Number of protein chains: 2
Amino acid sequence: MGIADDAVEVRAHGWRTLAALHGLIESELERALSASVDLSVVEYTVLDALNRQDGWHMRMQQLARATALSPSATTRLVNRLEDRALLTRVLCADDRRGIYTELTHAGRALYEKARPIHDETLERVLADAQAQPELAPVVEALHAIALPVAAG
Amino acid sequence: MGIADDAVEVRAHGWRTLAALHGLIESELERALSASVDLSVVEYTVLDALNRQDGWHMRMQQLARATALSPSATTRLVNRLEDRALLTRVLCADDRRGIYTELTHAGRALYEKARPIHDETLERVLADAQAQPELAPVVEALHAIALPVAAG
DNA sequence: GCTAGGTAATTGCGTGTGCAACTATTGACC
DNA sequence: GGTCAATAGTTGCACACGCAATTACCTAGC
């Protein structure tokens, strides 16, 4: 078997490994978050994204990109969170097609409660994953990614 | 902000990056496979897993692990593929609770057709991802993973 | 040999998702 | 100023998923 064929195998195997690690992390986060604060991973992702824009609005489309969801799924996701009074829709004045979302007090409070649980779970799962020879290299790579801006 | 806080941020950011890359690859594979051979990514994963066990059976449970799916989802996934005559259920003699699955001729043929599409899409997507500074380190790590056994 | 506890797989049910079709609004062109 | 394509967001619909309950079977223990 030649070098080119090996490359195909390596990519396929790498993809399976990535998918395995992703599934592992997501299911653990799902369990931890839904048990403690009744949030799914995507719901937490929304709160996290909104919080990271501190005080700033976010369009539906940006939310869709941040969660890797379709527009329709994003609409319903925002509906669920709005029904729980965790965020509010804000009509935008300069483009009346656009809709901004922002966290409510309750939303920020729930996020503050969920965040340590999220972070601890992530730390634990990554440590577990790093102990598996199969997954370790990918976990290492995650650590090596530089933060987008100065995080201090 | 201290080193410990940075570590939390780095993990969270790494996880978002991993999720982004995973979502990117999965959606591209989904599009390519469903358009050309009417298979979803998990369905392809099943055919691939069965094929990699060349001629060998695979229990439902193993399939569930390979696809990161629940037992119920695995049952229905196998149902769909069986309805399309791509695989067959085989009762196991020594443990009559267990059910083996194996590819049919049609299943193997469709896999052979799907595989190059899968591989080419994966190559293209990984190349695209590697061009994004944000995703590149993770893609590098995937390439660096050694194949489980001698692949030649 | 029979019962009790555990495991493999399946089914009922509620829910989240994507696609396609739709509405509302914007911006470009003449 | 009116028309037309493009964009933002929402809704109808079908479908795949997870959880919990169920069935069938195996394995101890007595």
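To find a chain, count down the sequence lines: A is the first, B the second, and so on, and within it residues start at 1. As the structure is a prediction and not an experimental result, all values here were calculated from the model.
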Checklist entry - Of A:Arg115, A:Lys113, A:Arg108, which is the lone residue that meets side-chain contact (heavy atoms from CB on, under 4.5 Å) with A:Tyr111? => result A:Arg115

Item to check | Partners meeting side-chain contact (heavy atoms from CB on, under 4.5 Å) with B:Thr17 (sequence neighbours left out) | outcome: A:Ile145, B:His13, B:Glu134, B:Leu135, B:Val138

Next on the checklist: Taking side-chain contact (heavy atoms from CB on, under 4.5 Å) as the definition, give me every residue that meets it alongside B:Ser72, ordered by chain and number, with sequence neighbours left out.
Outcome noted: B:Ser70, B:Arg76

Item to check | Any residue meeting side-chain contact (heavy atoms from CB on, under 4.5 Å) with A:Arg59, in chain and number order, not counting sequence neighbours | outcome: A:Gln62, A:Asp95, A:Tyr100

Checklist entry - Considering residues at least two apart in sequence or located in another chain, which fulfil the side-chain contact (heavy atoms from CB on, under 4.5 Å) criterion with A:Ala106? => result A:Leu86, A:Thr104

Next on the checklist: Going 5' to 3' along DNA chain C, between which two nucleotides do contacts with chain B fall, using a heavy-atom cut-off of 4.0 Å?
Outcome noted: C:dG6 to C:dC13

Next on the checklist: So if I take residues 59-90 of chain B and measure heavy-atom distances to DNA chain C, which residues fall below 4.0 Å?
Outcome noted: B:Arg59, B:Met60, B:Gln61, B:Pro71, B:Ser72, B:Thr75, B:Arg76, B:Arg89

Item to check | chain B contact limits on DNA chain D, taken 5' to 3' with a cut-off of 4.0 angstrom to heavy atoms | outcome: D:dA16 to D:dC26

Next on the checklist: Please tell me whether B:Arg89 and B:Asn79 have a donor and an acceptor in their side chains that are separated by less than 3.5 angstrom.
Outcome noted: yes

Side-chain donor-acceptor contacts of residues 30-44 of chain B below 3.5 Å, not counting sequence neighbours, with atom names and distances?
{"from": "B:Arg31", "atom 1": "NH2", "to": "B:Glu28", "atom 2": "OE1", "distance (Å)": "3.2"}
{"from": "B:Ser34", "atom 1": "OG", "to": "B:Glu30", "atom 2": "O", "distance (Å)": "3.1"}
{"from": "B:Ser36", "atom 1": "OG", "to": "B:Ala32", "atom 2": "O", "distance (Å)": "2.8"}
{"from": "B:Ser40", "atom 1": "OG", "to": "B:Glu43", "atom 2": "N", "distance (Å)": "3.3"}
{"from": "B:Ser40", "atom 1": "OG", "to": "B:Glu43", "atom 2": "OE1", "distance (Å)": "3.4"}
{"from": "B:Glu43", "atom 1": "OE1", "to": "B:Ser40", "atom 2": "N", "distance (Å)": "2.9"}
{"from": "B:Glu43", "atom 1": "OE2", "to": "B:Arg80", "atom 2": "NE", "distance (Å)": "3.1"}

Checklist entry - ring pair (Phe, Tyr, Trp, His ring centres under 6.0 Å): which pairs involve residues 71-95 of chain A, sequence neighbours left out? => result none

Next on the checklist: Show me the pairs that pass ring pair (Phe, Tyr, Trp, His ring centres under 6.0 Å) and involve residues 66-98 of chain B, at least two apart or across chains.
Outcome noted: none

Checklist outcome for this item: Within residues 36-44 of chain B, those residues having any heavy atom closer than 4.0 Å to DNA chain D are B:Val42

Next on the checklist: Using the salt bridge (charged side-chain N to carboxylate O under 4.0 Å, His left out) criterion, which residues pair with B:Arg16? Sequence neighbours excluded.
Outcome noted: A:Asp48

Next on the checklist: Measuring only between side-chain heavy atoms, which start at C-beta, is B:Trp15 closer than 4.5 Å to A:Leu142?
Outcome noted: no

Next on the checklist: So A:Val78 and A:Met60, do their side chains get closer than 4.5 Å, heavy atoms only?
Outcome noted: yes

